[in-house]
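Worksheet for the structure shown next.
The sequence lines fix the lettering, A, B, ..., with proteins before strands; numbering per chain opens at 1. Hydrogens, waters and symmetry mates are skipped; everything else that's a heavy atom, side chains included, is used. Since the structure is predicted, the reported quantities are computational estimates derived from the model, not experimental observations.
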There are 2 protein chains.
Amino acid sequence: MRKLNLEALKKEFEQFLRKKKMKVTRARLDLLDHIASYDRHFEIEELVNWVASRSDRPVSRSTVYRTVKLLEEFGAVREVIKKDKKTIYEFVAGSPHHDHLVCLNCGKIIEFVSDEIESLQHQICNHYGFKPLNHRLEIYGLCRDCQSS
Amino acid sequence: MRKLNLEALKKEFEQFLRKKKMKVTRARLDLLDHIASYDRHFEIEELVNWVASRSDRPVSRSTVYRTVKLLEEFGAVREVIKKDKKTIYEFVAGSPHHDHLVCLNCGKIIEFVSDEIESLQHQICNHYGFKPLNHRLEIYGLCRDCQSS
DNA sequence: ATGAGTGCAAAGTATTTGCACGTAC
DNA sequence: GTACGTGCAAATACTTTGCACTCAT
C-alpha cells in the first residue's frame, strides 16, 4: 500500500514543530498516528470518533481542528473538497499527487494520477508568470455503478 | 466582452422556470439581470449589497441564496471555490468553460482555458467508466506581482 | 518555572428553514 | 382564489475562540 515509514514521518513532524518553536505534544503525535492508520478520506467529526474508538486518550474536537491545520501546513494532510458545509481531508504523506473523480450520486471518490495534466498545468503557470504551490482538480459526475441504476 | 444576449437569456430562464412549474417573479429576473451586469466573481453578500445599491427594489438575502441555487441549476452561474466559509460564484452564461489560478497572497483570480487539459480529462473519465458532468481545476500559488514583493 | 497546548463551553458565521404575508397565475 | 415566492427572524451546523488548567521544555 503506502510506502511510508511512519516513524520517520513522525520524526520529521517533530522537527517541523521545533523549527516553529511549538511543542511536541502527545495529542499532536497521536493524531498523526491515527490519521495515517485511518488512511483514507476523512472529515473532522469522523477523526474525533475514530480516535476516541481506538485509544483511551481521546483528543478534543478543538485540538483536532487545530492540529489538522498544522498537519496541512506540514504537508501530511490536504483538503480535498468542501462538501456541503464539511471539509473533507486526506492523508497524503508518501503518496504522489493525485486528483479526484467525485460521484454526485453515491459520493464515492476515485483517485487518479495524470502526469500529462500536471505538466500542462505547469506550462499554463509559466505563461502567466504564476508560481504554483498547490492545486486541485475534481471532476464531478456519475460513477460506473450509478450510471446503470 | 461577453457575447451574450441578455434578453434572450432571460427568456430562456423564464422557460426553464415554467418547465419546472415555478413562477416567473420580479426577484428572479432582477437577480439574473444584476448578476449579468456584475459580470465577475461574486459572493452572496456582495450580490445582496450590489442589488441594494443599484436598484430601489432590494432582494432579501434568503431569496438571493435560493435564486443563486436556481441559476446554478439553470446553468447561468457556477460555484468557483469555497474560500474560508464563503462560497464564490461566477456568471458563466455565454462564456466557455475555464479554470482558475488563485493567488494565495492577494486573492486575485486569473481565468484560463485549456482544451488539452479538458481532453485529457475525458480520456481519464473513459478509462474509469465515469460520466463527467462538471469539473473544477484550481491552481493555488503566487501571482506575478506577489512574487516580486 | 513558564508559556504554549488542551478541553470545554460559548461565540461566530455562512447558509437554511418555518411561517405569515404578498404576488404570479 | 390558490399556491408558490418572499422576507424576516430563528435555527443549523461547521469551525473558531476565550479562558482556566495542564504539560512540555
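Every ring-ring contact (aromatic ring centres under 6.0 Å, His included) that H41(B) has, sequence neighbours left out, goes to H100(B).
The two residues V77(B) and V92(B) come nearest to each other via the heavy atoms N-CG2, 3.9 Å.
Between K85(B) and V59(B), the residue anchored nearer the 5' end of DNA chain D, judged by the nucleotide with its closest heavy atom, is V59(B). Of the residues near DNA chain D, T63(B) and Y65(A), the one whose nearest nucleotide (by heavy atom distance) lies more toward the 5' end is T63(B). Each of T25(B) and R66(B) lies near DNA chain C, and the nucleotide nearest R66(B) is the one positioned closer to the 5' end.
Evaluation of atom-type donor-acceptor distances gives no pair under 3.5 Å for the side chain of K21(A) against the base of dA4(C).
No salt bridge links K11(A) with E7(A); every basic N to acidic carboxylate O contact stays at or beyond 4.0 Å.
E46(A) has its CD atom 12 Å from the P atom of dT15(D), to the nearest Å. For the pair K83(A) NZ and dC14(D) C1', the interatomic distance rounds to 15 Å; values are reported in whole Å. The separation between D84(B) atom CG and dT13(C) atom P is 12 Å, rounded to whole Å. In this structure, the CZ atom of R57(B) is 16 Å from the C1' atom of dG5(D), given to the nearest Å. When rounded to the nearest whole Å, the span between CZ of R18(A) and P of dA24(D) equals 13 Å. In this structure, the CD atom of E45(A) is 15 Å from the C1' atom of dT16(D), given to the nearest Å. M22(B) has its CE atom 8 Å from the P atom of dT6(D), to the nearest Å. Regarding L29(B), its CG atom lies at a distance of 16 Å from the P atom of dT23(C), rounded to whole Å.
Using a 4.0 Å cut-off, some side-chain N or O of R28(B) falls inside it from OP1 or OP2 of dG5(D). In terms of phosphate contacts, T87(B) brings a side-chain nitrogen or oxygen within less than 4.0 Å of OP1 or OP2 of dT15(C).
Among the protein residues, K23(A) comes within range of the nucleic acid bases, having at least one heavy atom under 4.0 Å from a base atom. Contact annotation for R26(B): no contact, since no heavy-atom pair falls under 4.0 Å across all strands. Within 4.0 Å (heavy atoms only), K69(A) reaches sugar-phosphate atoms of the nucleic acid but no base atom.
Under a cutoff of 6.0 Å and an axis angle of 45°, R40(A) and F42(A) do not form a cation-pi pair.
Summarising the local packing, NE2 of H98(B) is surrounded by more than 12 heavy atoms from other residues, nucleotides or ligands at distances under 6.0 Å.
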